[in-house]
Structure formats: C-alpha cells, structure tokens
Student: 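After the structure tokens below, expect a handful of questions from me.
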Amino acid sequence: MLDCTELGVRYDALPAVRGVTLGVPSARIVCVLGPNGAGKSSLLGAISGQVRPVAGSIRFDGEAIEMLPPHAITARGIAHVPEGRMLFGDLSLRENLLLGAHNAGSLARAADRLDATLDAFPMLRSRLDEPAGMLSGGQAQMLALARGLMAAPKLILLDEPSLGLSPKATADVFRLVAALPARGVAVLLVEQNVRRALAVSGYAYLMRNGLFQAQGPAAELMRDPMVQDAYFGDLHAGE
Amino acid sequence: MAHDLAQNTVDGLMTGSAYAMLALGFTLIFGVMRRLNLSYGPSIMIGAYLGTLVHLQFGMGAAVVALVTVLGAVAAGFYVERLCFAPMRGQAATASMVASFAIWMQLEELATLLLPRHSYPFPALIARPPFEIAGILIRADRLLTLGAAIAAMLALWLLVHRSRFGLALRATARDRATARHLGIDVDRIGLIAFLGASALGGLAGMLVIAADQQITPMFGMWATFKGLVAMMLGGLGSIPGAVIGGLLLGVVEAHGQWFFGPQLRDLLVYALLFLCLVLRAGIGAGVPSAERRI
Ligand SMILES: Nc1ncnc2c1ncn2[C@@H]1O[C@H](COP(=O)(O)OP(=O)(O)O)[C@@H](O)[C@H]1O
Ligand SMILES: [Mg+2]
C-alpha cells in the first residue's frame, strides 16, 4: 500500500535520511527502530509531506505522493501522530478530536466519526469537554492516537507513541496499536521500545545514521544476535 | 452636565463601534498569523477610493459605491497578503511588518494617482436628519454602524467557535506545525482570514467614510491607527477584547474631545493605552504570553 523507494531527506546540507526503501502492506504493522537522531521522524515527515524529500519516491495506493502538500496526503488516507503528541492544551478533548477529522469535510461528519472512534477510548468519552492540557501522559498519548484515527486513515504513522509513558500506559498503547490492523488500518510505527515494537509488528527495519542497517520479519529480528547486541542493549538499558 | 455625559457616551459608542470593527479585522490577522499588517488601513482606503471613483465617473449611488469599497478593500488585502505575508509564512514576523509598511506607501501613492485632490465626496448611506431619544441626538447612519458592528462581532464569533473553518483557524493560530500535521491547509486558512479581515475593514471604513461623506488620503493611516490602538486596548488577539477596546476608545475620545479639545483628546488616548499596557504587563507577569488566543 505504501512504498518508499530510495528516499532521501536533508536539512540544509545535513542528510537525515540517506536513501531508504520501505514498504507497508495494507492492514499490517511495520516498525522502524533506531536510536535518537537515526532519521526516523524525518522519514515519517517525508511520508506525510511535512518535509520534502530530496530524493526517491513515495507511492501510496499506486499514486506518487512525494510532491503533495500535507493536507492532500491526509485526504488520501495517511494520518501522522507526531512525536511528543502535539496536542492543543487549551482546547477541549472534543475540539482536539474534531480537528483530527478535518479531512472529513464538515463538522457534522467529524462528529459522526467522533462517536465511532470513542468506542475504543472509553476513558476519553467522559472527559470530552475538559482541556487536553489536563490529561496525564498516558491519557494524552491516547488522545493523540484517537485524534490520528479521527482522520479515518488507511495508514497511520506513529512516532514513538510510548515515549515517556509508564509501563502500564505503554502496555495500553501497544494493545491499542496491535488492534488496528483488525480495523483495517495499517501502521508504520517508529519506536525505541524495541521489544514491544517487534512483538506487535509483522516486519521491521533497523535504522541508524539515516540508513536501514537490517530488516526482516519481526519474529526473526527478535532472535537475531546482532540485533540483540546493537538494539536491545543500548536503547533500553533501563527497561 | 449629565446630559453632555450621556450624549458623549452615546456618540462615543457609535464611533467606537467602527473602531471595534477595524480592531476585529486586525485581530483576525494578528490572532492567526501573529503579524501586524500595517497596510490594513491603506488597503481599506484603496477600496474607498475605488468606490469614490465609481461614484464620480459613473454617478453610482450609495449601494454600488459601498459594494465597490468592500470588494476593493478585499482585492487590496489580497495584494498585500501575496506580497508581504504569503512569502514569509511561519517566520520573520518583522519582515512582514516592514514589508507591509512599504506597501502602505505604495497604496497611498496609488490613491493620490487615482484621485489627486485632497478630498473627494463620498455618498451618504442614509441622508436624513438626526432624531432624538430621551434628549439624546442620534444619527441614523451611526446607528447603522453600531448595528453592523454587533452583527459582525456575532458572525465572527460564530464562525470562529462554531464552524469547521473556525476550529482549523484556532488550531493554526496556536500551532501551525501541528495544524499541518492534522491535514489543515494552513496557508489557505491564513489567506481566507486575511481576506475576511479586509472585508470587515472595508465595511467599517465604508460606514465611517459614508458618515463623513468625504474621503482623504489620510484615511489609511487613520484606520490603521484606530484599529491598532483599539486592538491593543482590548488585549491583542481576542474577539471580545477587540470590541471592548474599540468601544472604550470611542467613548474616551468623545469625552476627551468635549471636555479638553482635540489635542488633549489624543493625549488622553495615549495615556489610556500606556496604562492598559502597563497594567496588563503587571497582571501578566509570570505568564509567558499576555496575548490572548483567538
Ligand atoms: N528541523 C530540522 N532541522 C535540522 N536538522 C534536523 C531537523 N529535524 C531533524 N534534524 C536532524 O536530522 C537528523 C535525524 O533526526 P530525526 O529524524 O528527528 O531522528 P529520530 O527521529 O530518529 O531521532 C538528526 O541529526 C537531527 O538533528
Ligand atoms: Mg524522532
């Protein structure tokens, strides 16, 4: 469904992504793992149109999208839940969620989606009129996820959704992510929590210095001694 | 004395309602873009000059002139947005402001090229003598301005707080990057807000000029100044604030003019502005931004 070929991103002269090729099949979870500065967020940004790639192509459902502006990409069914959640703290949960459904075209249709989306987020439903800034880290991440799903995406890009969360909140987030394919949503997951990410993913890429160093079915990578050393050790020593 | 106070207050509210509309337009632009558009008044003036031109050349009546004025202000606003704001989105607030000052000069030049004399007649919207309620003289065209200001404020409030566009506008005002992440076309939102502000300004300017029944090249500076002061009195970037600021400015001016004359009147306004800014800085100490969000 999503196919990136030889994708390159640079900031001024600094390359952040240096020619990576990746695919996400529909209704599957694919993850990209790697340390800080590897270029993971830049890769997602290129897919959702936040940054223009300097090289390569991005095809979504067969259509080249690398030159489209972000709103056109969202309209085609790609939602991007950014790193650090980026909620509007002084707007209500309801307003944050409705904003996620901007591509629905009208407030009425966005409100319909709101009702359907909230079924998976019962703890948000009772607090719809509170400001988003009142939420705890775990709840805020749930809201960010729900806001992403409000776009009714075919593919959702998740940038480090477990960052800074308690073990319990992390487990909640991964449980929700794991359930997305059953709802027909494909996931491109960026994580530093290697163990959990591999556990929910079908396929994984390991990224460092803007390049993919290894890739393969998640179950195989989990057993790979090279991966064990390079990624389980230094990324999450304290986990 | 009591009668003077009442009459001045009523007069001030009527004039202030035009200031409030000017401030609403400023607020819309400032609230979304965090940028001052100094060419705001001059682009309204271009609209009014085009209206006058249509009046003089083709003998068009008040309704057509009013329409041409508003549309002309929107067209001039579009020109300013493309030149000063669209190329510098998301950065360089000062560059936009300086550029809008340069365009101000250009628009004033254009106005005097179109109509070189110092002042021209502008058709009145309602040409009937003032009427009296409880001893207070009221001009019908000023009353119309007040009504238009109330309608504009309500419409703007509904648009911002009850529509999909308004929600996207508030998101863009808070954080452009996040709004883009959500698939909001932030450039388009900015442009529409800008044109809406120009239309609102055009309406306000048209009502003021029609009440004065004349236009001069000073109008651009006048409109930018009144709108800016009213917005600052109301606390930068809030819709109710812009209205309160506009009305306050009108009332203070009316009393100042009556009791102290025109020079001291303006001094009084500056003193009030200074007081407002100082008080707000005091209240807002420790708060990261004293500016309110639309
Ligand atoms: N907006 C930016 N401007 C300049 N450099 C950036 C920007 N965003 C990221 N970078 C740089 O690009 C590289 C990759 O960053 P990023 O994509 O955020 O990696 P990751 O998400 O894997 O931590 C880093 O060296 C980072 O400093
Ligand atoms: Mg990142």
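Note: hydrogens, waters and symmetry copies are ignored here, and every other heavy atom, side chains too, is used. Every chain is numbered from 1, with letters handed out A, B, ... down the list of sequences.
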Student: Examine whether an atom of B/R162 lies under 4.5 Å from a heavy atom of chain A, and if so say whether it belongs to the side chain, the backbone or both; otherwise answer neither.
Tutor: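 The backbone, not the side chain.
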Student: Kindly write out the residues that satisfy side-chain contact (heavy atoms from CB on, under 4.5 Å) with B/F274, not counting sequence neighbours, or none if the list is empty.
Tutor: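 So B/F274 forms a side-chain contact (heavy atoms from CB on, under 4.5 Å) with B/V278.
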Student: Not counting sequence neighbours, which residues clear ring-ring contact (aromatic ring centres under 6.0 Å, His included) with A/F174? List them please.
Tutor: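 With sequence neighbours excluded, A/F174 shows a ring-ring contact (aromatic ring centres under 6.0 Å, His included) to no residue whatsoever.
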Student: First locate atom CD of A/Q50, then atom NE2 of B/H181, and finally report the distance between them rounded to the nearest 0.5 Å.
Tutor: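 Between A/Q50 CD and B/H181 NE2, I get 4.0 Å after rounding to 0.5 Å.
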Student: Report the residues that fulfil ring-ring contact (aromatic ring centres under 6.0 Å, His included) with B/F101, sequence neighbours left out, ordered by chain and then residue number.
Tutor: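 ring-ring contact (aromatic ring centres under 6.0 Å, His included) list for B/F101, sorted by chain: B/W104.
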Student: I'd like to verify something: which residue of B/A171, B/A168, B/A177 has the highest number of heavy-atom pairs under 4.5 Å with chain A?
Tutor: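 Option with the greatest count: B/A171.
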Student: Out of A/L99, A/L91, A/L98, return the one with the most heavy atom pairs under 4.5 angstrom to chain B.
Tutor: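 Highest number of pairs under 4.5 Å: A/L99.
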Student: Does A/R127, at its CZ atom, have more than 12 non-hydrogen atoms belonging to other residues, nucleotides or ligands within less than 6.0 Å?
Tutor: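 More than 12 within 6.0 Å, yes.
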Student: Mind checking which of residues 70-89 of chain A sit less than 4.5 Å from chain B, heavy atom to heavy atom?
Tutor: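 So far as heavy atoms go, A/P70, A/H71, A/T74, A/H80, A/P82, A/M86, A/F88 are the residues that approach chain B to under 4.5 Å.
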Student: Around B/M105, counting heavy atoms of other residues, nucleotides and ligands shown, do more than 12 lie under 6.0 Å from its CE?
Tutor: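 Correct, the count exceeds 12.
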Student: Do B/L182 and A/H102 come within less than 4.5 Å of each other through their side chains, counting heavy atoms only?
Tutor: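 Answer no - side chains too far apart.
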Student: Are there over 12 heavy-atom neighbours, none belonging to A/M123, within less than 6.0 Å of that residue's CE?
Tutor: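 Buried by this count: over 12 neighbours within 6.0 Å.
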